[in-house]
Amino acid sequence: MNKKFFDRDARIVARDLLGYEIRRRIGPRVVRAVITETEAYVGPHDKASHAHRGLTKRTAPMFGNPGTIYVYLVYGMHHCLNLVTREKGYPAAVLIRAVRLLPSGTLINGPGRAARALSITTFFNNKNILTDKRLILGPRYLTPKRIHTTPRIGVPYAGEWAHKPLRFLIE
DNA sequence: GGTGCGATTGCA
DNA sequence: GCAATCGCACCA
């Protein structure tokens, strides 16, 4: 896993991340999970993206280097984990919406639950998954046979962008 | 300085 | 069906 992996269109990265292992190190303990659902937020023209309104304090991480971790708080209580794609200065990211814990295989559905399962808070905001010791991508755990595609969840305000097939799932 | 709401979740 | 709960974008 390297910078080039993330320096690509968010749609490509969102599909490629499916089946990869993500590891959260908490002291001596490691939480392992397989990414099973993602969404792509493709650029500043994407009306569903936080970056649609431009560079703000909140969205600054989305304009960062490939592999930058973007964590935000929604509804005052849930954290959402995103990985920034494309070159520095171009805001795009992939939202991690679901994972399967290893080795149990327990499915953790929903971005808030997935972030919580990995103990992700805003501590990780603006860090980089390529260099951080506490959150890393592991090896590919499986190669998806079939990738299902649907519109993204919870973005009815995004006009035409609400319908675009930018949510990706396996199993 | 004030206001409104969200890339959600859990419970009635 | 709806309350929870807060950082921040936006307006004044």
Side-chain angles (χ1 to χ4, degrees), chain A residues 5-6 8-20 22 24 31 33-101 104 106-129 132 135 137 147-171:
Chain A
F5 180 91
F6 288 103
R8 296 182 295 166
D9 188 290
R11 284 165 283 221
I12 303 298
V13 178
R15 296 178 70 100
D16 264 10
L17 280 172
L18 298 173
Y20 266 92
I22 190 167
R24 168 75 165 99
V31 177
V34 181
I35 298 170
T36 60
E37 181 182 335
T38 58
E39 279 179 0
Y41 291 82
V42 302
H45 55 299
D46 178 354
K47 293 199 182 79
S49 174
H50 291 163
H52 181 236
R53 310 241 171 220
L55 175 61
T56 66
K57 182 178 178 182
R58 180 205 207 188
T59 62
M62 291 188 75
F63 291 75
N65 286 307
T68 296
I69 299 166
Y70 170 44
V71 179
Y72 62 90
L73 187 65
V74 263
Y75 299 101
M77 52 183 83
H78 306 295
H79 294 284
C80 290
L81 170 63
N82 300 258
L83 301 175
V84 172
T85 76
R86 295 204 43 173
E87 71 276 12
K88 184 177 175 63
Y90 188 93
V94 174
L95 171 67
I96 307 299
R97 288 196 57 92
V99 299
R100 269 191 197 277
L101 294 179
S104 70
T106 306
L107 177 63
I108 308 293
N109 256 336
R113 284 187 287 259
R116 196 171 58 181
L118 294 166
S119 297
I120 301 298
T121 66
T122 52
F123 169 83
F124 285 99
N125 193 39
N126 212 30
K127 293 192 166 27
N128 196 300
I129 198 167
D132 200 274
L135 184 67
L137 277 174
I147 298 177
H148 298 270
T149 305
T150 80
R152 291 171 293 184
I153 304 298
V155 293
Y157 50 81
E160 61 189 292
W161 286 90
H163 321 301
K164 292 185 186 286
L166 295 174
R167 174 175 175 238
F168 307 96
L169 313 84
I170 54 177
E171 288 152 282

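What you are looking at is a predicted structure, and each value in this text was computed from that prediction instead of being measured. Any value given below was found using the heavy atoms of this structure, including those in side chains, with hydrogens, waters and symmetry copies removed. We name chains A, B, ... by the order of the sequence lines, and we start the count at 1 in each one.
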### Query
What is the minimum heavy-atom distance between F6(A) and P66(A), and which atoms define it?
CB-CB, 3.6 Å
### Task
For R116(A) and for A51(A), locate the closest nucleotide of DNA chain B by heavy-atom distance; then report the residue assigned to the nucleotide nearer the 5' terminus.
A51(A)
### Query
According to a strict under-4.0 Å criterion, is R53(A) in side-chain N/O contact with OP1 or OP2 of dC8(C)?
no
### Query
Between R8(A) and D16(A), is the closest basic N to carboxylate O distance under 4.0 Å?
yes
### Spacing between N125(A) atom CG and dC8(C) atom C1', to the nearest angstrom
13 Å
### Summary
Re dT5(C): Watson-Crick or G-U wobble partner, both distances kept under 3.5 Å, found to be none
### Message
I need the NE2-C1' distance between H78(A) and dA7(B), as an integer number of Å.
### Response
12 Å
### Summary
Between NZ of K57(A) and P of dG7(C) the distance, given in whole Å, is 10 Å
### Query
Are the aromatic rings of Y41(A) and Y70(A) close, with centres under 6.0 Å apart?
no
### Rounded distance (Å) that lies between atom P of dG6(B) and atom CD of E39(A)
16 Å
### Message
How many whole angstroms separate atom NE2 of H163(A) from atom C1' of dA7(B)?
### Response
16 Å
### Closest non-hydrogen atom pair, G54(A) against F63(A)
C-CZ, 3.8 Å
#### Entry: Aromatic-base stack, Y72(A) on dA7(B), cutoff 5.5 Å, angle under 30
no
### Among dC10(C), dA4(C), dG10(B), the one nearest Y75(A) by side-chain distance
dA4(C)
### Task
Whole angstrom is fine here: how far is it from NZ in K47(A) over to C1' in dA7(B)?
16 Å
### Query
Which one of R100(A), R167(A), H148(A) satisfies the side-chain hydrogen bond (donor to acceptor under 3.5 Å, both in side chains) criterion with E37(A)?
R167(A)
### Task
Take the protein atom CZ of R58(A) and the nucleotide atom P of dG4(B), then report the distance between them rounded to whole Å.
18 Å
### Whole-angstrom distance between dC2(C) and dC5(B), as gauged at atom P
16 Å
#### Entry: Separation of dG6(B) P from H52(A) NE2 (nearest whole Å)
15 Å
